[in-house]
J.: 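Can you read through this structure? Questions will come right after.
A quick note: this is a predicted structure, and the numbers were derived from the prediction, not measured.
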Amino acid sequence: MLVKLILAIIIPALLVVLFTRVTYSLYVGTGLAVALILVSIFKGHGNEWYVILIDIVSLVVGFLYAKRMVGKFK
């Protein structure tokens with residue numbers, strides 16, 4: 001249980017940043033990360049409501065960080 005919480009905090013934010021760096025697009029990177037998180041939820045890996053909520057918060061934090069990162073490069 002604790003491992004799922006820690007991964008829910010870290011993984012979505014890292015996915016957004018990684019996909020943004022690879023695709024050079026903030027919205028495509030965020031969309032890919034959201035798609036992966038949705039697939040994992042539908043497969044049953046995030047079946048508790050608080051894990052899903054932490055995933056969403058982590059995606060938002062990753063989006064804000066990637067937005068700041070993209071702004072520095074332009």
J.: Starting at CG of L15, measure out to CD1 of I10 and round the result to the nearest 0.5 Å.
T.: 11.5 Å

J.: Measuring from atom CG of L14 to atom CZ of F19, what distance do you get when rounded to the nearest 0.5 angstrom?
T.: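 Between L14 CG and F19 CZ, I get 11.0 Å after rounding to 0.5 Å.
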
J.: Is it the case that one hydrophobic cluster holds both V16 and V34, taking links as side-chain heavy atoms less than 4.5 Å apart, direct or via other members?
T.: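 They do share one cluster, since a chain of ILVMFWY contacts under 4.5 Å joins V16 to V34.
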
J.: Can you tell which of L26, V28, L32 makes a side chain to side chain contact (heavy atoms under 4.5 Å, CB included) with T30?
T.: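 The side chain to side chain contact (heavy atoms under 4.5 Å, CB included) with T30 is passed solely by L26 among L26, V28, L32.
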
J.: Can you tell me if S58 uses its side chain to pair, donor with acceptor, with the backbone of I54 under 3.5 Å?
T.: no

J.: Within this structure, what is the CD1-CD1 distance for the pair I41 and I56, rounded to the nearest 0.5 Å?
T.: 6.5 Å

J.: Treat each ILVMFWY residue as a node, draw an edge where side-chain heavy atoms are under 4.5 Å apart, and state whether M1 and W49 are in one component.
T.: yes

J.: Using the side chain to side chain contact (heavy atoms under 4.5 Å, CB included) rule, pick out the option among I37, L36, V57 that qualifies with P12.
T.: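 Testing P12 for a side chain to side chain contact (heavy atoms under 4.5 Å, CB included) against I37, L36, V57 leaves exactly one candidate, I37.
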
J.: Is it true that Y65 and Y27 fall in one hydrophobic cluster, defined by side-chain heavy atoms closer than 4.5 Å?
T.: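 Each belongs to a different hydrophobic cluster.
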
J.: Taking atom CG of L18 and atom CD1 of I11, what is their separation to the nearest 0.5 Å?
T.: 10.5 Å

J.: T23 and G29: which non-hydrogen atoms are nearest, and at how many Å?
T.: OG1-N, 3.8 Å

J.: Is the closest side-chain heavy-atom distance between Y50 and L5 below 4.5 Å?
T.: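 The answer is yes, as the side chains (C-beta and beyond) meet within the 4.5 Å cut-off.
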
J.: Do V61 and I52 land in one hydrophobic cluster if side-chain heavy atoms of ILVMFWY residues count as linked below 4.5 Å?
T.: no

J.: Test of understanding: clusters of I, L, V, M, F, W, Y form through side-chain heavy atoms closer than 4.5 Å, transitively. Do I9 and L53 belong to the same one?
T.: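 The answer is yes; both residues are in one hydrophobic cluster.
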
